[in-house]
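Both backbone and side-chain heavy atoms feed into the values below; hydrogens, waters and symmetry mates do not. Along the sequence shown, residues are numbered consecutively beginning with 1.
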Amino acid sequence: MSGKKYTDSGIEIRECYHASDIKGSVEEKPGEYPYTRGVQPDMYRGKLWTMRQYAGFSTAEESNKRYHYLLSQGVMGLSVAFDLPTQIGYDSDHPLAEGEVGKVGVAIDSLEDIEVLFRDIELEKVSTSMTINATGYILLAFYVALAKKQGADLKKITGTIQNDILKEYAARGTYIYPPKPSMRIITDIFEWCSRELPKWNTISISGYHIREAGSTAVQEIAFTLSNGKAYVKAALEKGLDINVFGKRLSFFFNAHNNLFEEVAKFRAARRMWAKIMKDLGATDPKAMMLRFHTQTGGSTLTAQQPLNNIARVTVQSLAAVLGGTQSLHTNGYDEALSLPTEEAARIALRTQQVIAFESGAPDTVDPLAGSYFVETLTAEVEQLAWDLIMKIDAMGGAVVAVEQGFIQDEIARSAYTYQRDIEDGKKIIVGVNTFQVEETRDTPLLQIDDSIREGQARKLNLLRSRRDAEKARRSLEKVRTAASGTENLMPVVIEAVENLCTLGEIADALRAVYGEYK
């Protein structure tokens, strides 16, 4: 066990740390710039993080049942997973949707599906996070149209759409349109929500999928904050007020197994974002605060000895809480094998509740502050992340860095190194390359039936035969016209969904104007 030790970001871990290792002041107060110690002065003493469970599979009916179950078990906010056709703008009856409908999330084709998804759930009383990017503007329109039908006050509606397209080009791949029109859609959402949906988080700038693709902790925050800068600059070019839209930006980070590096990453990210926003002209303290959701690391879960994942998720959840997250989703232990069963989702939620009510971790603000190790590591993570951001700035920013493939190449290199270290035995993964046992596969799995596509297709046929065809046609024409000009897209897209235009039809209206990114 002797020899040098390093974090996954390549930071050397010394055998022992001393007060002299800490650079700069550690006298900062929580709730004050630059927010290293948290965005609220009392953190979880005042309000616990929002406990979310990410769910969505099969049909809107099945997902609605899971949401009611989770709400009954103490979940504070819903988090919706959408299937692949919904994510890339195809209706369930499109030829390219075959084999994918309802598989990795819920299938949503129309306003009627959203009505079923949230049946008997008052949108004014629940915070909803939707993991959706290229078609985020359409899903937001569905949600707003449903809120209006429920008679809700739009000024009280809370939640988040991920709406982070830059990380799709860099790490995940569910983009539709080229980068520039995609950025226009995002700033249209910023502008419309600042007027009509003031409590809605208009973007969740996501490091989660960058990390899932194989980045290090340092790369995760560097690339995510660079993307954040690009969105802010695009909004400023549109003439939006940084002190208004800046308050509605949120972030989405991953939590991995190296407890101390993860805590340092969250603390460094807050400090860095405060400085970035101040330098871009923000003067309102709330516009400089980095508020973030965390999900435990999907890529860390193993199919071998899956119950070990409960311990991994516990360590990762603790990192998120000690790092000051605003909301948290805990993965099910079975997610390396299938979508989580009800039992796995319950254990995942109970993990958060044990940390919240039994561990003592939330009882004081930033409990690891002042640790020689954590303070030094926070500064080291921050410096390495600034080095990467400066490289991206020198290229012309995140959009150019994505177009040139720089970010993609950096992630690929880290992913290769990490996998090679596992295969060489330098990196120990319990139950995978050490401490193995002869296994029998007896974990119950959630199965998704292929017949879901036929049911969705029947509903689509019925919807198209019942709706006012002329109203739908005119609505789609308005969407194309707005996309061709400078008019904000959100009002015409909301009108289109209210006239029962489908997700695929609206996505196609923009494809006709913008084309597809190859």
S.K.: Check step by step if side chain to side chain contact (heavy atoms under 4.5 Å, CB included) holds for Tyr143 and Ile161.
M.R.: CA-CA 10 Å; Tyr143 198 81; Ile161 42 170; over 6 Å; no
S.K.: With the threshold set at 4.0 Å, does a side-chain nitrogen-carboxylate oxygen contact exist between Glu124 and Lys155?
M.R.: no
S.K.: Give me the atom names and distance for the closest heavy-atom approach of Ala320 to Leu328.
M.R.: CB-CD1, 3.9 Å
S.K.: Hey, which of Gln352, Gln295, His293 is the one that makes side-chain contact (heavy atoms from CB on, under 4.5 Å) with Arg52?
M.R.: His293
S.K.: Out of curiosity, Leu123 CG to Lys149 NZ, how far, rounded to the nearest 0.5 Å?
M.R.: 12.5 Å
S.K.: Do any N or O atoms from the side chain of Asp83 and from the backbone of Gly105 form a donor-acceptor pair under 3.5 angstrom?
M.R.: no
S.K.: Do Arg270 and Tyr33 form a cation-pi contact, if we require the NZ or CZ to be under 6.0 Å from the six-membered ring centre and within 45 degrees of the ring's axis?
M.R.: no
S.K.: Got a sec: does the CD of Glu122 have more than 12 other heavy atoms crowding it under 6.0 Å?
M.R.: no
S.K.: Quick check: do Leu388 and Gln219 have side-chain heavy atoms less than 4.5 Å from each other?
M.R.: yes
S.K.: Centre-to-centre under 6.0 Å for Phe292 and Trp273, is that the case here?
M.R.: no
S.K.: With the threshold set at 4.0 Å, does a side-chain nitrogen-carboxylate oxygen contact exist between Asp93 and Arg464?
M.R.: yes
S.K.: Between Ser215 and Glu410, does any side-chain donor sit less than 3.5 Å from a side-chain acceptor?
M.R.: no
S.K.: State plainly whether the residues Lys148 and Glu196 are in salt-bridge range, i.e. N to O under 4.0 Å.
M.R.: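 The answer is no: the pair does not qualify as a salt bridge.
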S.K.: Tell me whether Lys103 is salt-bridged to Glu100, with the criterion being a basic N under 4.0 Å from an acidic carboxylate O.
M.R.: no
S.K.: Can you tell whether the side chains of Lys247 and Asp284 come within less than 4.0 Å, N to carboxylate O?
M.R.: yes
S.K.: Could you tell me if the side chain of Leu117 sits less than 4.5 Å from the side chain of Val80, heavy atoms only?
M.R.: yes
S.K.: Between Arg466 and Glu112, does at least one N-O distance fall below 4.0 Å, as a salt bridge requires?
M.R.: yes
S.K.: Testing Leu510, Asp188, Ile186, Leu489 for side-chain contact (heavy atoms from CB on, under 4.5 Å) with Tyr137, which one passes?
M.R.: Leu510
S.K.: Are the charged groups of Arg474 and Glu470 less than 4.0 angstrom apart, N to O?
M.R.: yes
S.K.: Is there side-chain contact between Arg473 and Glu505, with heavy atoms separated by less than 4.5 Å?
M.R.: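 They are not in side-chain contact.
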S.K.: Given the ring of Phe190, does Lys238 sit roughly above its face, with NZ or CZ under 6.0 Å from the centre of the six-membered ring and within 45° of the axis?
M.R.: no
S.K.: Under a 3.5 Å distance rule, please check whether Asp468 uses its side chain to pair with a backbone N or O of Lys471 as donor and acceptor.
M.R.: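 Confirmed, Asp468 side chain pairs with Lys471 backbone.
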S.K.: Taking the side chain from Glu220 and the backbone from Phe253, do they hold a donor-acceptor pair closer than 3.5 Å?
M.R.: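 Checked: no pair found.
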S.K.: Does the Gln53 side chain pair with the main chain of Thr330, one donor and one acceptor, at a distance under 3.5 Å?
M.R.: yes
S.K.: Output yes when Arg172 and Glu212 qualify as a salt bridge under the 4.0 Å nitrogen-oxygen rule, no when they do not.
M.R.: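 Glu212 and Arg172: not salt-bridged.
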S.K.: Is the shortest distance from a Lys or Arg side-chain nitrogen in Asp279 or Lys229 to a carboxylate oxygen in the other one below 4.0 Å?
M.R.: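 Not counted as a salt bridge, because no side-chain N and carboxylate O are separated by less than 4.0 Å.
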S.K.: Check for a donor-acceptor pair, side chain of Asn331 on one end and backbone N or O of Thr296 on the other, with a separation under 3.5 Å.
M.R.: yes
S.K.: Checking side-chain contact (heavy atoms from CB on, under 4.5 Å) between Ile189 and each of Ile203, Asn488, Thr202, Val493, which is the one that passes?
M.R.: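 Only one of Ile203, Asn488, Thr202, Val493 forms a side-chain contact (heavy atoms from CB on, under 4.5 Å) with Ile189, namely Thr202.
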S.K.: Check whether any side-chain N or O of Arg291 sits under 3.5 Å from a backbone N or O of Ser327 as a donor-acceptor pair, and report yes or no.
M.R.: no
S.K.: Hey, are the side chains of Val144 and Trp192 touching, using non-hydrogen atoms and a 4.5 Å cut-off?
M.R.: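 Yes, side chains in contact.
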